[in-house]
Amino acid sequence: MSGSGNMAAGRPYLAIPGPSVVPDQVLQAMHRPSPNIYAGELVEMTAALIPDLRQVARTQHDAAIYIANGHGAWEAALQNTLQPGDRVLVPASGRFAIGWSEMAEALGIDAEILDFGPHAPWDMDRIAERLAADREHRIKAVLGVHVDTSSSIRNDVAALRRALDAAGHPALLLADCIASLGCERFEMDAWGVDVMVSASQKGLMVPPGLSFVFFNGRAAAARAALPRVSRYWDWAPRASPDEFYQYFGGTAPTHHLYGLRAALGMIHAEGIENVWARHAHLARAIWAACEAWGADGPLRMNVPDRRLRSNAVTALHIGSPLGTELRHWLERNLGLTLGIGLGMAPAGSSGWHGFFRIGHMGHVNGHMVMGLLGGIETGLEALNIPHGPGALEAAAMALAGR
Ligand SMILES: *Cc1c(COP(=O)(O)O)cnc(C)c1O
């Protein structure tokens, strides 16, 4: 390269599917001395967060906040609804569904996976068949990951509820919206979801460390019928605390709460429907570019059908070791970091070097997406990776609405 100065100085851009870009407003809200946790602003602010969280989740029901990442919310949802020996059905379109099922297994829950592989959405006929065959209702819950962040497939959570209802099956519907909340349309109550888990560091734009479990009356009844619930994960005191302390089972996550306050304020100022529309619009630009690159050379989108793609994350295949080489080149030379491939190659193989992911969740706008795509185009050129022409033009047209 002539004039081969490094171009990575300047503001770095972490375009991975979580943690996502943290807005300056959130960072500034967190930059403060430790507040009093017993009285005053923090206490009042925390109570006021709950109605705002409910609006983002589109639910009238209860919410519990945990000082944990998404794995903590996974465990909390299971601990409050199930006991050892219970069975759950887990339709899987990627690695995260498998991860949640493994967590259930570790708690002594019998997890039955219907694995549709990392390229296909849930097959509702097979799910309906399995539910109909469960005449004794041994399946106590269905665990559905809305957007599987490994494959970037978006599944139809409302269809899962319709399948349960059509089968007259009483199993609870538990949804993982860790990648999708604040990015994609999700309607907890209208879609008949009993429990929904999410976390702070993706569409909610706050650093990792907070997670959320929303639960309705059916789920609360399941919790009440359990012989015991882990003291820390018990959602009951967190959802209706007598003491501020009980929201968190101990010291409050002080600074994260200020960050969350700012982030929810931004979401409400924009309007949740507008937030969803922005993600959809930006995703179309990313797809347009990826499809153009893929017209020649090795780049392939993991999900060929646009209707099945997430608006928050895009998984791609480019062949080993090009995925890793491209990521490294972009990070070292442009200050742009893309996500690694996850769960797409056999465990222990070097195949994962052939995959990468783009995170486009949360605090992302049009110029960031054009910078991201221009960066990838630059990396393809620098590494002499063959690719189809016209990607940036196609993305610009998509953003321009043409
Ligand atoms: C990120 C993610 C998780 C795991 O969340 P952590 O905060 O990393 O524990 C689970 N499910 C989905 C769909 C995710 O995107």
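In each ligand, atom 1 is the first atom listed, and ligand 1 is the first ligand listed. Worth knowing before you read on, the calculation uses all heavy atoms, side chains too, and leaves out hydrogens, waters and symmetry mates.
Of the listed residues (Glu75, Gln201, Met361, Met103), the one carrying the non-hydrogen atom nearest atom 7 (O) of ligand 1 is Gln201.
Counting the atoms of ligand 1 from 1 in the order shown, those under 4.0 Å from a heavy atom of Thr149 are 12 (C), 13 (C), 14 (C), 15 (O). Taking every heavy atom of Gly70 and a limit of under 4.0 angstrom, the matching atoms of ligand 1 come to 5 (O), 6 (P), 7 (O), 9 (O). Those atoms of ligand 1 with a heavy atom of Lys202 less than 4.0 angstrom away are 1 (C), 2 (C), 3 (C), 14 (C), 15 (O). Each of the atoms 13 (C) of ligand 1 lies under 4.0 Å from some heavy atom of Val147. Below 4.0 Å from some heavy atom of Val145 lie the following atoms of ligand 1, by number and element: 13 (C).
Among all protein heavy atoms, the one lying closest to atom 11 (N) of ligand 1 is Asp176 OD2, 2.7 Å. In terms of protein heavy atoms, atom 9 (O) of ligand 1 is closest to His71 ND1, 2.5 Å.
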Full working for ring-ring contact (aromatic ring centres under 6.0 Å, His included) between Trp276 and Phe186: CA-CA 9 Å; Trp276 295 335; Phe186 174 80; 8.9 Å; no
Audit row: Phe116, Trp122, ring-ring contact (aromatic ring centres under 6.0 Å, His included) steps and yes/no: CA-CA 6 Å; Phe116 303 111; Trp122 299 333; 8.2 Å; no
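Each of Leu383, Ile376, Thr378 was evaluated against Leu380; a single residue qualifies, Ile376, per the side chain to side chain contact (heavy atoms under 4.5 Å, CB included) test.
Of all the heavy atoms of Asn69, the ones lying under 4.0 Å from any atom of ligand 1 are found in both the backbone and the side chain. At a heavy-atom cutoff of 4.0 Å, ligand 1 is contacted by no atom of Trp100, backbone or side chain. For Asp148, no heavy-atom contact with ligand 1 is shorter than 4.0 Å. Contacts with ligand 1 closer than 4.0 Å are made by no heavy atom of His146, backbone or side chain.
Residues His279 and Val364 form no side-chain contact, since every pair of their non-hydrogen atoms from C-beta on lies 4.5 Å or further apart.
Ring centers of His169 and His137: under 6.0 Å apart, within the cut-off.
Classification of Glu273 and Arg58 as a salt-bridged pair holds, one side-chain N sitting under 4.0 Å from a carboxylate O. A salt bridge does not link Arg261 with Glu41: none of the charged nitrogens is closer than 4.0 Å to a carboxylate oxygen. In this structure, Lys140 does not pair ionically with Asp110, as no charged nitrogen and carboxylate oxygen lie closer than 4.0 Å.
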